[in-house]
Amino acid sequence: MAIVDAKEMLLKATAERYAVGAFNCTNLIQMEAVVEAAVELKAPLILQASVAPSKFLSPAVIGVIYKTLAQSAPIPICLHLDHCSDVQFCKLCADAGYTNIMIDASKQEFSENIRQTKEVVDYCHRLGNISVEGELGTVSGVEDQVKVAEDEAQLCDPQQAMAFVEQTGIDIFAPAIGTAHGVYKTKDPRLDFDRLKKIAEMINGQKPRVPLVIHGGTGLQPDVVKKLVSLGGSKYNVSTDLKHTLIDTTYAYISDHRQEYNPGKIDASVKEAIKGRISYWIGLLGSAGKA
Ligand SMILES: [Zn+2]
C-alpha cells in the first residue's frame, strides 16, 4: 500500500489524538532503519529529508529509495521535504516524487509568506496528491539551511494562523510555540501550551481540517511530548536525535574495532541504534498499531 497522502494520514491522527513520527534521514541506512522499526510496530510513518541531504543525494535518488522502501512495506509511508525556503526547489522535489513539501517562508513578512506558500500549494495540488506544510512564527535554532536566533524567534499569533491557513490553502500547519531545533539548553524549555491549544481549537475544533506539526521534537521530556500530542500536535518531527545516534554509534563502533575494515558492520550497528530510537519515539507518540 504504502505510498499515501500525508494529509489523510494526519487527519486520522488528529481525530484519534496520536502523532505520526516524522523522522529526518540523511542516508539509505537511516531510511531503512526507520522503515523497519515502523513496520515492526505497525505505525504510519513520515520519512523526512531536509534540503542539504536532498541536494547532496539529489531529489531523484531520494525519491527512488523512498518508492522502493514504501511500495514493499505493509504500512503507509510519506516522503516529506523539510524546511525548504526555496520555492523552485520545493517544486523540483514535488516533481521527483516527494509526497509532502514544507515551504518555510516563515522568515518573510506575513504577506510574502502567504504568497510563497500559496505558490507551492497551487503547484503541488495541480500535480496531484502532494500535501504542503507551511510555517508561521519562527522556530529557533538551526535546521539545515534555516538559522533563527533564540531572541529572533517569534511565536505564532492564533488570529494570523487562521488567516494564514485559509489564504494559503495549506494541508498541514506548523505553528511556532516555543520548541527549538537542535539541542535544548535546558531540561525544561518554555513552551506555550496554551497557544497550541488555542490554535488547535480554532483550526480543528469543529472537525480535523489542517493537522498541526510539532518541530524541534528532540530532547523534550516524555510528559511534554504526550501533552503536545494531546493538545493537537499530530506530526512530530525528530531530527537531531537521529543525527547524534548516527554519529555517536559510528564513532563508538570504529573506536572499538579499529583494526576491522568492514563497512557493513558499521552500517548494521547504526541501523540497530536508529531502530531503537524510532521505537522509543513511536511508543511515546502513540502511533504503534495505527497503520
Ligand atoms: Zn523543523
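Whatever order the structure lists them in is the order used to number ligands and atoms, beginning at 1.
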Identify which protein N/O/S atoms are less than 2.8 Å from the Zn ion (ligand 1).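 Checking every protein N, O and S atom gives H83 NE2, H181 NE2, H215 ND1.
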Does a donor on one side chain and an acceptor on the other come within less than 3.5 Å for H125 and D171?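 Result is yes, a qualifying pair exists.
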Would you check if there is a donor-acceptor pair between the side chains of D104 and S85 at a distance under 3.5 Å?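 Side-chain D/A pair, S85 to D104: absent.
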Ignoring hydrogens and angles, tell me if any N or O in the side chain of D192 forms a donor-acceptor pair with the backbone of A176 under 3.5 Å.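 Such a contact is absent between D192 side chain and A176 backbone.
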Which residues satisfy the ring-ring contact (aromatic ring centres under 6.0 Å, His included) test with Y253, sequence neighbours excluded?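 Counting only residues at least two positions away or on another chain, Y253 forms a ring-ring contact (aromatic ring centres under 6.0 Å, His included) with H257.
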Test ring-ring contact (aromatic ring centres under 6.0 Å, His included) applied to H80 - qualifying residues, sequence neighbours left out: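 H80 satisfies ring-ring contact (aromatic ring centres under 6.0 Å, His included) with no residue once adjacent residues are dropped.
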Excluding sequence neighbours, so at least two apart, what forms side-chain hydrogen bond (donor to acceptor under 3.5 Å, both in side chains) with S54?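 S54: side-chain hydrogen bond (donor to acceptor under 3.5 Å, both in side chains) contacts with Y98.
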